[in-house]
Amino acid sequence: MGLPLGAALAACGTSGPSRPGAEASSSGAAGAATATYWYLSVQPQEGVRTRAMERFNKANPTGTIEGTTFANDAFKTKIKTAIGAGQAPTLIWGWGGGGLRSYVQAGQVEDLTSWFEENKAVKDRLFDSSFGAATIDGKIYAMPCETMQPIVLYYDKRAFEKINAKPPESWGDIMALVPKFNAAGIAPFSLGGQSRWTNMMWLEFLFDRLGGPEVFQAVFDEEKDAWNNPVAIDALTKMQELIKADGFIKGFSSITADSNADQALLYTGKAAMMLHGGWCYGSMKADGGDFVSGGHLGYMNFPPIEGGKGDPTNTVGNPGQYMSISSKATPEAKEIAKKFFATELVSDTSVKEWVATGAVPIVKGADKEFAASEDKEFLTFVYNIAVNAKTFAQSWDQALSPTAAEVLLDNISKLFQLSITPQEFATNMNAVIGK
């Protein structure tokens with residue numbers, strides 16, 4: 001948690017988007033040994049994952065991978081149930097952290113430490129610190145992969161032009177903009193609140209900007225009564241003040257992130273701003289007409305809060321994704337998975353395809369691909385946030401155990417619906433510290 005960043009990525013993870021109801025399979029050649037692979041559905045990310053698998057299968061017809069896609073929330077439920085029943089896919093895609101720790105404790109994933117020692121060229125190709133969330137008690141249980149995606153404050157330049165205002169440079173600016181946008185008939189912020197983890201991103205930044213990474217670190221370290229920190233109560237209070245001021249689109253608690261409906265509210269001009277992951281850039285570019293290509297999309301790191309102790313370069317988000325191998329898989333399937341790790345998962349073609357989606361791969365030297373990209377400005381922005389952040393913190397729901405994470409998301413939902421107070425939130429969360 002909260003590992004500092006120099007020229008490398010911190011090792012953490014968070015939730016990303018996907019499309020509901022999208023389940024599809026890609027079967028290997030008849031008679032071939034197969035490894036199974038479940039991953040998230042949403043374009044353009046889904047396409048990159050699928051094509052990497054297809055290239056691997058074409059090059060390895062006697063040992064192929066069979067893929068199945070799921071929407072984000074459906075995936076979380078399905079993978080947890082399958083692993084608990086000892087029926088996980090060969091390749092277990094995820095975010096590392098607390099979820100991975102629970103799999104390790106249950107003996108459900110392979111220890112990859114010796115494999116990485118034998119395949120140093122693979123390990124050296126990735127940013128060193130990306131292995132933090134893949135490492136449990138000194139041993140590596142997951143392959144870092146894909147891209148780094150910090151949480152970004154996106155905004156519609158057209159909306160700001162309509163009210164003759166500038167993007168916020170502080171929390172005070174955010175609160176001052178709320179009534180101005182509402183008066184103009186524009187929601188200040190879009191939010192897919194039904195998904196819960198989207199709400200969480202707000203609290204992650206408020207905790208950090210007010211008190212630095214140490215505030216949540218105390219929770220992660222299982223310190224008694226950690227959620228009752230005065231900084232935490234202040235952050236929770238500020239969150240509800242924004243909600244009570246109509247800072248978010250009406251009905252946000254019934255809007256889903258899986259459907260990308262929150263993104264659509266931004267690029268169609270119904271909302272002025274949106275706090276969301278770096279993955280949204282590619283989605284908005286693909287679905288938002290001329291919103292991105294026409295230069296209407298603005299983006300920035302979350303602004304500081306007056307009097308806060310947190311470093312404004314800090315970020316939270318998704319510095320990489322993680323892929324483990326099921327300990328219950330056959331020896332043949334495990335070997336297929338390891339070959340995939342060493343080849344197509346981190347190939348030059350995959351790196352170029354991730355860059356083409358407007359994302360920054362975690363592979364060293366990937367930034368050399370930016371120059372030829374029409375998304376060079378955004379890619380450089382994301383890269384600079386990640387490598388210059390004093391802290392790139394792990395998403396709360398991935399840092400905590402699955403049990404504590406579910407209680408967290410439930411209480412965040414209640415906090416945003418104003419059905420519990422900040423103090424009640426803290427009390428409820430203190431009850432599951434260490435569980």
Side-chain angles (χ1 to χ4, degrees), residues 14-15 73 151 153-154 168 170-211 215-216 219 225-259 261-263 265-266 270-276 302-303 305-308 316 395-397 400 404-433:
T14 190
S15 310
D73 292 334
I151 303 304
L153 181 55
Y154 297 100
S170 68
W171 181 255
D173 287 350
I174 286 177
M175 295 301 294
L177 285 166
V178 166
K180 295 179 181 178
F181 279 120
N182 280 324
I186 303 170
F189 288 98
S190 177
L191 180 64
Q194 184 174 317
S195 298
R196 302 185 302 174
W197 53 264
T198 47
N199 305 350
M200 181 180 63
M201 296 185 288
W202 278 90
L203 293 180
E204 289 169 343
F205 270 119
L206 285 173
F207 273 56
D208 178 86
R209 293 295 187 263
L210 283 169
V215 183
F216 183 74
V219 175
D225 208 32
W227 287 101
N228 209 32
N229 186 315
V231 172
I233 300 300
D234 187 16
L236 296 166
T237 300
K238 280 182 165 56
M239 192 69 257
Q240 289 199 326
E241 288 173 351
L242 178 60
I243 296 166
K244 291 174 182 177
D246 293 328
F248 296 102
I249 186 96
K250 185 177 180 180
F252 68 84
S253 290
S254 63
I255 297 171
T256 65
D258 277 351
S259 64
D262 47 359
Q263 299 177 36
L265 290 169
L266 183 69
K270 293 181 175 63
M273 295 172 279
M274 178 181 70
L275 189 65
H276 218 314
F302 197 88
I305 298 176
E306 293 83 354
V316 302
S395 176
W396 291 356
D397 60 342
L400 299 178
E406 180 57 32
V407 176
L408 169 70
L409 293 171
D410 182 53
N411 276 274
I412 286 176
S413 179
K414 292 176 180 176
L415 182 86
F416 272 67
Q417 292 166 7
L418 306 178
S419 63
I420 60 173
T421 66
Q423 188 59 60
E424 288 172 332
F425 177 96
T427 299
N428 294 344
M429 291 310 304
N430 280 331
V432 294
I433 286 179

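Because only heavy atoms are used, hydrogens play no part in the values below, and waters and symmetry mates are left out as well, while side chains stay in.
With rounding to the nearest 0.5 Å, the separation of CD1 in I233 from CG in N228 is 5.0 Å. With rounding to the nearest 0.5 angstrom, the CH2 atom of W227 is 8.5 Å from the CG atom of N430. A distance of 5.5 Å separates CE of M175 from CG of L242, quoted to the nearest 0.5 Å. For the atom pair CG (L275) and CE (M201), the distance works out to 5.5 Å, reported to the nearest 0.5 Å. With rounding to the nearest 0.5 angstrom, the CG atom of L415 is 11.5 Å from the CG atom of D410.
The nearest pair of heavy atoms linking I433 to D225 is CD1-N, 4.1 Å. Minimum heavy-atom separation, A257 to H276: CB-NE2, 4.2 Å. Counting all heavy atoms, side chain and backbone alike, P303 lies closest to I174 at CG-CD1, 3.9 Å. Pairing each heavy atom of G247 with each of P188, the nearest pair is O-CB, 3.2 Å. The minimum heavy-atom distance linking I249 with K270 is given by the pair CD1-O, 4.2 Å. Between A235 and L206, the shortest heavy-atom distance links the atoms O-CD1, 3.7 Å.
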Which is it for D262 and L191 under the side-chain contact (heavy atoms from CB on, under 4.5 Å) test, yes or no, and what are the steps along the way?
-> CA-CA 6 Å; D262 47 359; L191 180 64; 6.0 Å; no
Taking it one step at a time, do L266 and F189 satisfy side-chain contact (heavy atoms from CB on, under 4.5 Å)?
-> CA-CA 8 Å; L266 183 69; F189 288 98; over 6 Å; no
L409 and N199: CA distance, side-chain angles, deciding distance, side-chain contact (heavy atoms from CB on, under 4.5 Å) verdict = CA-CA 9 Å; L409 293 171; N199 305 350; over 6 Å; no
Given ring-ring contact (aromatic ring centres under 6.0 Å, His included), test W197 with W202 step by step and report yes or no.
-> CA-CA 9 Å; W197 53 264; W202 278 90; over 10 Å; no
Yes or no on side-chain contact (heavy atoms from CB on, under 4.5 Å) for N428 and F425, after CA distance, side-chain angles and deciding distance?
-> CA-CA 5 Å; N428 294 344; F425 177 96; 5.8 Å; no
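Judged by distance alone, the side chain of D208 and the main-chain N or O of E204 form no donor-acceptor pair under 3.5 Å. No side-chain donor-acceptor contact under 3.5 Å links T198 to the backbone of S195. At distances below 3.5 Å, not a single donor-acceptor pair connects side-chain atoms of R209 with backbone N or O atoms of G308. Although no hydrogens or angles enter the test, the distance criterion places a donor-acceptor pair under 3.5 Å between the side chain of S419 and the main chain of K414. Under a 3.5 Å cut-off, the side chain of S190 and the backbone N or O of A271 do not form any donor-acceptor pair.
A donor-acceptor contact under 3.5 angstrom links the side chains of T256 and S259, judged on distance only. Under the 3.5 Å distance criterion, with hydrogens and angles disregarded, no donor-acceptor pair is assigned to the side chains of E424 and N411. Side chains of E306 and S170: a donor on one and an acceptor on the other come within 3.5 Å.
In this structure, F416 and F248 have tilted ring planes: the angle between them lies in the 30° to 60° band.
Applying the side chain to side chain donor-acceptor pair (under 3.5 Å) test to every pair with at least one member in residues 234-249, sequence neighbours left out, gives these pairs: D234-K238.
Side chains of M273 and P168 form a contact here, defined as non-hydrogen atoms less than 4.5 Å apart.
The side chain to side chain contact (heavy atoms under 4.5 Å, CB included) test with F205 singles out one residue from I305, L153, V316, L210, and that residue is V316.
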